[in-house]
Number of protein chains: 2
Amino acid sequence: MRPRRGVAGVSETSQQPDASQRASAKSDLTRQRVLDAAAQIFARRGFSGTTLSDIAKAAGLKTGSLYYHFASREDLVAEVMARGVRQVAESVEAALAALGPEARPIERLRTAVEQHLLCLLERSDYARANTKLSSEVPPHLRSLHAANEEIYGALWKDLLAQAAAAGEIRSDLSLSAVRMLMLGAMAWAPEWYRPEAGPARDLARTFSEMTFAGLLPLR
Amino acid sequence: MRPRRGVAGVSETSQQPDASQRASAKSDLTRQRVLDAAAQIFARRGFSGTTLSDIAKAAGLKTGSLYYHFASREDLVAEVMARGVRQVAESVEAALAALGPEARPIERLRTAVEQHLLCLLERSDYARANTKLSSEVPPHLRSLHAANEEIYGALWKDLLAQAAAAGEIRSDLSLSAVRMLMLGAMAWAPEWYRPEAGPARDLARTFSEMTFAGLLPLR
DNA sequence: GTCTATATATCGATAGAC
DNA sequence: GTCTATCGATATATAGAC
């Protein structure tokens, strides 16, 4: 049987909260283990390079057992992707919040760039899996996922629009082209980045320097 | 039976050049049709999203017939990828040659950027297929392909190194990081670019402007 | 909840007729 | 050269024991 989900699976009127919570806790823990394994493997081998048996083995289960936790492979993929967007969004939003309300738009934009890239490179298997999966996944899953990406994309539109409105970035370039080019450069980074070549922080700095000040010699 | 390849399949001592050329021409034409169909479909649906029967159908053949022209799916993929790198390299090299020998390094670099992106966006299914496949393909194929990419990568290393040596771009940034970030931004572009949003030339201009002059207001 | 066993589908690849 | 037919491997998914 499949466990009830929603509202964290906790029955509000239960007389034995401990028992019901413990039962749900075991299921949730396994489910989490499966998701973590899936995110890690999807991030490395991509959508079609990853089978359910790969994931089950990494999570210490047999393939058939996955269907207790997920209705289908698509459902599992969709949840990994949703978590991926959410983790990046939360990372970036937290860093922006830490800047405080008096931060200038350009500083907020630079913070977003560096956090997005750091999250992708060294913080989250889910984030890496999401970017990789989003370019491989069949149209059906892609459109299911579009709404999540849209919300995060709106944050970037705002950051760029406000920087432009404040005159802190150029206004003669298409902001949507700029946004996609920046996100693209970062999305591709996990494909070639090797930690041995240097810390991710340095790469993030290089990227924001190149993006904001450009490659031409400083005047 | 498989047709002889190499030296364009033409027998130098044949008494009936017409006949032998016509025979090889038919095979070569079909082979070309298969490759074109494969490049187009791989570019759109990726490695695992594309089956041999998809390709055969698009080329007007049955699946089994593909094996007359290619020994395996891997061989077909490898040839599509090899052509992809070659087409981009030839596009860029032709544009560089057209600049003439007196062109300054920064101008050569800008030309390479714009040609690379244009080739990816609107010139070549093979180029698009190659970038998409290279991030999906199993390790075995990836290393087979590494040598081709290495050669093209060397062209970019040269362009950047010479621009830096001439003092025409900044020397305080890691050139290899810069190179990969630029190639990555362009590699991702086919994923989101829609011709309705504007000509590819404009996008190429936006990218080179952003890369060289940066997003900060012009001083 | 997880297991084993199996149904079902599909893909890459091969063999042989034409 | 292309076809039809089919083999063998592997993947997702299901059923039922424990």
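Letters A, B, ... mirror the listed sequences (proteins, then strands); counts begin at 1.
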Whole angstrom value for the distance that separates P of D/dA13 from CG of A/L76: 10 Å
So, B/R123 and B/S91: side-chain donor and acceptor under 3.5 Å apart, yes or no? yes
Per-nucleotide protein contact along nucleotides 2-18 of chain C, 5' to 3', at a 4.0 Å heavy-atom cut-off (B base, S sugar-phosphate only, - neither), is BBB------SSBB----
Just by distance, with hydrogens left out, do B/Q87 and B/S124 show a side-chain donor and acceptor under 3.5 Å apart? yes
Could you tell me how the ring of A/W156 sits relative to the ring of A/H116: parallel (under 30°), tilted (30 to 60°) or perpendicular (over 60°)? perpendicular
Residue pair B/Q32 / B/D28, side-chain donor-acceptor N/O under 3.5 Å: no
Answer yes or no for A/R73 and A/F47: cation-pi contact, defined as NZ/CZ to six-membered ring centre under 6.0 Å and angle to ring axis within 45°. yes
